[in-house]
Each structure stands twice: as structure tokens, then as C-alpha cells.
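What follows is one structure encoded as C-alpha cells, with my remarks underneath.
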Amino acid sequence: MPEPIRVAAVGDVHLADDLRGRYAPLLDGISAEADALLVAGDLTQHGTIDEAKAFADEFDAADVPVLTVLGNHDYHSGEEREIAQLLEERGMTVLEGTSTTVETRAGRLGVAGVKGFCLGFSGRSAADFGEPQMKAFTGHGIETAVVLRRALDDLAGEEPDVTVALSHFAPVDDTLLGEPKEIWPFLGNYRLGEAIDETGVDLAVHGHAHAGREKGLTPAGVPVRNVAQPVIQAAFRVYDVVPRRSA
């Protein structure tokens with residue numbers, strides 16, 4: 001069998017001072033299991049710089065590239081730009097409508113990321129109609145999918161061997177099973193899934209749905225993994241993805 005690219009992922013770790021010392025020992029030596037570590041948002045509990053420092057201190061222990069998107073919790077205190085800058089200064093990659101590639105022994109891993117936003121799913125989503133407030137809410141959800149699509153299109157030009165879409169909000173409702181259906185529109189966005197299906201993605205990773213389930217598929221059959229820590233019940237999960245050129 002061809003050697004796979006090993007993608008480790010976790011989300012919703014909600015780091016704060018009271019959790020210092022919990023993750024670093026579990027990430028030490030992660031290179032024996034994975035080629036990169038993806039974090040699917042909600043790095044912090046309340047989106048403060050101090051909490052972001054706790055996250056950086058813990059995840060500095062990973063001896064592989066750390067790529068992340070921010071989540072809704074990371075925006076709570078209005079310090080999301082400062083958080084992103086801090087993490088970049090600590091050597092991590094923060095994606096928001098952007099992409100990057102990582103060289104691995106098995107090939108080039110490409111990751112495009114966006115936080116995403118609420119919207120809902122096909123046939124039961126918010127409509128871009130009516131009051132300005134509703135149009136603003138819906139429009140932002142639509143725009144996040146446009147931004148993800150653009151990042152994936154840009155990434156395709158880099159010709160990675162494996163492409164991963166990283167978001168906080170869910171691109172499909174498969175992985176929301178277990179959450180109350182009444183809140184599904186606030187957990188994900190079907191247009192993110194459309195962007196994934198239209199751009200040759202090999203794996204989609206998200207968080208946010210703490211009571212959902214791990215595994216799902218897009219309508220076109222792309223594997224989707226909900227890696228919220230309360231779902232995977234581990235410091236991270238590793239997914240082996242075989243490069244297309246050798247599949």
C-alpha cells in the first residue's frame with residue numbers, strides 16, 4: 001500500500017489557565033504518529049489573549065506543524081486578530097480564507113481553512129431575504145463559503161498530493177447527529193459542503209458540535225470528521241489519507 005499522509009486533528013480544546021499542563025504531555029512526540037496537527041477552532045474558552053497564550057504554550061509541545069482556524073469562542077472578547085498574531089509569532093499557521101502546504105515523507109499536504117458561520121442545511125437554511133439583520137446574518141454565512149471556495153481554488157494551483165478543508169462550523173449535518181435538531185442551523189452551513197465538493201478535497205475536518213458524532217460524508221462522498229474534543233474523547237485523532245497520485 002502507498003504510504004499515507006498522517007493528519008492529526010482536534011478541535012474545541014477551550015484552553016485556559018486551569019487546563020495548563022494537560023495537553024503538552026499528550027502532544028510531545030506526536031511526529032511518531034502524524035505529519036501535521038490541525039486544530040478546528042475554539043482554542044480558547046472566552047477568546048482572551050491570556051487563554052491564547054495558554055493554548056500556545058500547550059501546543060508548542062507538538063513537534064509537527066500546527067495549523068488552525070479560530071472558532072466562535074475565540075471571537076468572544078474581540079481579540080481575534082491579536083490571538084491570530086500571537087499564534088503566528090509562536091510558529092503556528094492560522095488560516096482564515098487562506099491555505100498552506102506542508103511537505104511530508106508521503107507527499108505534500110495542502111490545507112485550506114475558514115472559521116465558517118451559521119446558515120443551516122439544504123432545504124432548511126436561513127434565507128437571504130427580509131430584514132437587513134437577516135440579510136446580514138445569512139450573507140455572512142454565504143460569504144464564508146465563498147471564501148473557503150476561493151482558498152481551495154488557490155490551493156489547487158499548488159498541486160498538493162492531499163487536500164484538507166479545515167473549518168470550525170460543520171459543512172454537513174451527518175456529523176451533527178446527537179445534537180438537538182433545533183440548533184443544527186447554528187452549528188453548520190451546507191454551502192461549506194458545496195465548496196468542498198466542488199474543489200477536489202480529500203478530507204474535511206471541523207469542530208463546534210460537541211454532542212455530534214465523528215464521521216460523516218458530503219453529498220459527493222468526501223469524508224468529513226467532527227474532531228471536537230468532547231466527540232473524539234482524545235487529545236487528537238489521526239486520519240491516514242493516501243495521496244491521489246498513488247491512490
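These values consider heavy atoms only, across backbone and side chains, with no hydrogens, waters or symmetry-generated copies. All residue numbers in this chain count up from 1 along the given sequence.
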Distance col, row H210:NE2 vs N226:CG, nearest 0.5 angstrom, shows 8.5 Å

Expected output: side-chain E79 to main-chain I49 donor-acceptor under 3.5 Å
yes

Run the side chain to side chain contact (heavy atoms under 4.5 Å, CB included) test on H168 and D42 for me, step by step, so that the C-alpha distance in whole Å, both residues' side-chain angles and the decisive distance to 0.1 Å come before the verdict.
CA-CA 8 Å; H168 182 59; D42 279 2; 3.4 Å; yes

By the salt bridge (Lys or Arg N to Asp or Glu O under 4.0 Å) test, which pairs, at least two apart or in different chains, include something from residues 179-200?
R149-E198

Linked, directly or transitively: V10 and I83 (ILVMFWY side chains, under 4.5 Å):
yes

Same apolar cluster (I L V M F W Y, side chains within < 4.5 Å links), V222/L155:
no

Flag side-chain contact, heavy atom, 4.5 Å: L38 against V164
yes

Show me, pair by pair, the donor-acceptor contacts under 3.5 angstrom made by side chains of residues 126-140, not counting sequence neighbours?
from: T138; atom 1: OG1; to: A127; atom 2: O; distance (Å): 3.3
from: T138; atom 1: OG1; to: M134; atom 2: O; distance (Å): 3.0

Those residues that, when tested against Q85, pass side chain to side chain donor-acceptor pair (under 3.5 Å) (two or more places apart):
E89

Correct closest heavy-atom pair for T98 and V94 would be OG1-O, 4.1 Å

Step-by-step side chain to side chain contact (heavy atoms under 4.5 Å, CB included) determination, V39 to V66
CA-CA 7 Å; V39 188; V66 177; 4.2 Å; yes

Pairs where residues 19-44 contributes a residue and the test ring pair (Phe, Tyr, Trp, His ring centres under 6.0 Å) is met, not counting sequence neighbours
Y23-F59

For T44, what residues pass the side chain to side chain donor-acceptor pair (under 3.5 Å) criterion, not counting sequence neighbours?
D74

Test side chain to side chain contact (heavy atoms under 4.5 Å, CB included) applied to L43 and L70, step by step
CA-CA 7 Å; L43 321 178; L70 300 185; 3.8 Å; yes

Residue that, paired with H206, satisfies side-chain hydrogen bond (donor to acceptor under 3.5 Å, both in side chains) out of D12, N189, T175:
T175

Expected output: side-chain R108 to main-chain E158 donor-acceptor under 3.5 Å
yes

Donor-acceptor pair, distance only, cut-off 3.5 Å: does the side chain of T199 make one with the backbone of V201?
no

Heavy atoms, side chains only, cut-off 4.5 Å: are F55 and L87 in contact?
yes

Quick one: which residue pairs count as a salt bridge (Lys or Arg N to Asp or Glu O under 4.0 Å) with a foot in residues 215-230, not counting sequence neighbours?
none

Just wondering, do V102 and L67 contact through their side chains at under 4.5 Å, heavy atoms?
yes

For atom CD of E159, decide whether the heavy atoms of other residues, nucleotides or ligands shown that lie under 6.0 angstrom number more than 12.
no

For residues 66-95, pull every pair meeting ring pair (Phe, Tyr, Trp, His ring centres under 6.0 Å), keeping only residues two or more places apart or in separate chains.
H14-H73

All pairs passing ring pair (Phe, Tyr, Trp, His ring centres under 6.0 Å) where residues 31-50 contributes a residue, at least two apart
none

With sequence neighbours excluded, what pairs up with F186 under the ring pair (Phe, Tyr, Trp, His ring centres under 6.0 Å) test?
none

Measure the spacing between CD1 of I30 and CZ of F236 and express it to the nearest 0.5 Å.
4.0 Å

Do D35 and R6 meet the salt-bridge criterion of a basic N to acidic O distance under 4.0 Å?
yes

When clusters are formed by joining ILVMFWY residues with side-chain heavy atoms under 4.5 Å apart, either directly or through shared neighbours, do L26 and V238 land in the same one?
no

Which residue pairs satisfy the ring pair (Phe, Tyr, Trp, His ring centres under 6.0 Å) criterion with at least one member in residues 77-97, sequence neighbours excluded?
none

For the pair E58 (side chain) and A24 (backbone), establish whether a donor and an acceptor sit closer than 3.5 Å, ignoring hydrogens and angles.
yes

Which heavy atom in E96 sits nearest to a heavy atom in V114, and how many Å separate them?
OE2-CG2, 3.2 Å

Supply the atom-to-atom distance E82 CD to S77 OG, rounded to the nearest 0.5 angstrom.
10.5 Å

V162, L166: one ILVMFWY side-chain cluster at the under-4.5 Å cut-off?
yes

Please report the shortest heavy-atom distance between I196 and L148, naming the atom on each side.
CG1-CD2, 4.2 Å

Quick one: salt bridge (Lys or Arg N to Asp or Glu O under 4.0 Å) pairs with a partner in residues 110-124, sequence neighbours left out?
R124-D173

Taking salt bridge (Lys or Arg N to Asp or Glu O under 4.0 Å) as the cut-off, I'd like each qualifying pair that reaches into residues 59-73, sequence neighbours left out, listed once.
D60-R90

State, to 0.1 Å, how close T104 and I5 come at their nearest heavy-atom pair, and which atoms those are.
OG1-CG1, 3.5 Å

What about F169 and V205, same hydrophobic cluster or not, with Ile/Leu/Val/Met/Phe/Trp/Tyr joined at side-chain heavy-atom distances under 4.5 Å?
no

Between R20 and D17, is there a side-chain N and carboxylate O pair less than 4.0 Å apart?
yes

CD/E51 to CG/L19 distance, rounded to the nearest 0.5 angstrom?
9.5 Å

Is the backbone N or O of S122 less than 3.5 Å from a side-chain atom of S125, with the two atoms forming a donor-acceptor pair by type?
no

Distance-minimising heavy-atom pair for L176 and A170
CD2-CB, 3.8 Å

So which heavy atom on T218 is nearest to which on V172, and how close?
CA-CG1, 3.7 Å

